[in-house]
Amino acid sequence: MKVTEELLNEMKKKDSNFSDGIILPDGDYRRIDKGHLHAMMELLPYSENDIFKMIPENDSPLFWLIEKTGCVLTDYNNSIGMKMTPAQQEVFDAMCRHGILTDDYYDLTRQREKAKEEREKNL
């Protein structure tokens with residue numbers, strides 16, 4: 001869904017759970033039903049079983065999916081992702097301005113780079 005000022009004004013009044021979602025790299029915002037993990041798995045062209053087989057044994061499925069999909073996970077208290085695209089940053093900032101999200105953002109970019117180096121070192 002395209003996030004607009006009008007939509008944010010409406011959702012702030014109407015839906016206290018509007019903050020629970022993912023921001024795709026192109027800035028599209030999607031609400032989540034079954035949790036962040038499932039929302040990101042649905043973006044990939046593989047079955048859930050195949051996805052779990054791809055995730056390295058000592059890795060976090062959530063962090064791995066964030067890296068593979070490029071999504072920013074949002075909920076009211078904090079958000080998590082990697083370095084945001086300009087489109088993601090715009091949506092995130094707008095949602096913060098409207099009080100739908102806090103500006104607490106956990107950037108996993110360095111953690112994911114370290115995890116990749118560690119995997120490559122162990123090959």
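When reading the values below, keep in mind they use all heavy atoms of this one structure, side chains included, and skip hydrogens, waters and symmetry mates.
A side-chain donor-acceptor contact under 3.5 Å links T74 to the backbone of S19.
In this structure, D59 does not pair ionically with K116, as no charged nitrogen and carboxylate oxygen lie closer than 4.0 Å. Classification of E113 and R110 as a salt-bridged pair fails, no side-chain N sitting under 4.0 Å from a carboxylate O.
Just one of Q89, Q88, M95 meets the side chain to side chain contact (heavy atoms under 4.5 Å, CB included) condition when paired with F92; it is Q89.
Separation of atoms CG (L73) and CZ (F63) is listed at 10.0 Å; rounding is to 0.5 Å. Going from atom CG of L65 over to atom NE2 of H36 covers 12.0 Å, rounded to the nearest 0.5 Å. Rounding to the nearest 0.5 Å places OG1 of T109 at 9.0 Å from CD of E67. Atom CG of residue N9 and atom CD1 of residue I100 lie 8.0 Å apart, to the nearest 0.5 angstrom. A distance of 9.5 Å separates CG of N78 from CG of L101, quoted to the nearest 0.5 Å. Between atom NZ of residue K2 and atom CG of residue D26 there is a gap of 9.5 Å, rounded to the nearest 0.5 Å.
Of all non-hydrogen atoms in T85 and P25, the two that sit nearest each other are OG1-O, 2.7 Å. When all heavy atoms of A39 and I22 are compared, the closest pair comes out as CB-CD1, 4.1 Å. In terms of heavy atoms, G99 sits closest to Y76 at O-CE1, 3.5 Å. Contact record, K83 with D107: N-OD1, 3.5 Å, taken as the closest heavy-atom pair.
By the 4.5 Å heavy-atom criterion applied to side chains, R112 and I66 are not counted as neighbours. Looking at heavy atoms from C-beta onward, L44 lies in side-chain contact with T69 at the 4.5 angstrom threshold.
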Determine, stepwise, if the pair K68 / I51 fulfils side-chain contact (heavy atoms from CB on, under 4.5 Å). CA-CA 11 Å; K68 294 302 171 204; I51 291 170; over 6 Å; no
List the steps, then state whether side-chain contact (heavy atoms from CB on, under 4.5 Å) holds for M11 with H98. CA-CA 10 Å; M11 288 300 147; H98 284 269; over 6 Å; no
Could you walk me through whether Y46 and M41 pass the side-chain contact (heavy atoms from CB on, under 4.5 Å) check? CA-CA 8 Å; Y46 308 106; M41 284 194 280; over 6 Å; no
May I have the step-by-step check of side-chain contact (heavy atoms from CB on, under 4.5 Å) for V91 and V72, ending in yes or no? CA-CA 10 Å; V91 170; V72 169; over 6 Å; no
Check the pair F18 / Y29 against ring-ring contact (aromatic ring centres under 6.0 Å, His included), numbers first and verdict last. CA-CA 10 Å; F18 189 70; Y29 180 71; 5.2 Å; yes
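Residue L62 is not grouped with residue I23 when hydrophobic side chains (ILVMFWY) are merged at heavy-atom distances under 4.5 angstrom, including chains of intermediate members. Y106 and M84 fall into different hydrophobic clusters, where Ile, Leu, Val, Met, Phe, Trp and Tyr side chains are chained together by heavy-atom contacts under 4.5 Å. Residues L37 and M82 fall within the same hydrophobic cluster, defined by Ile, Leu, Val, Met, Phe, Trp and Tyr side chains chained together at heavy-atom separations under 4.5 Å.
Side chains of N49 and S47: a donor-acceptor N/O pair is absent below 3.5 angstrom, by distance only.
By the 6.0 Å contact criterion, CD on E90 is open, its count of non-hydrogen atoms from other residues, nucleotides or ligands being 12 or less.
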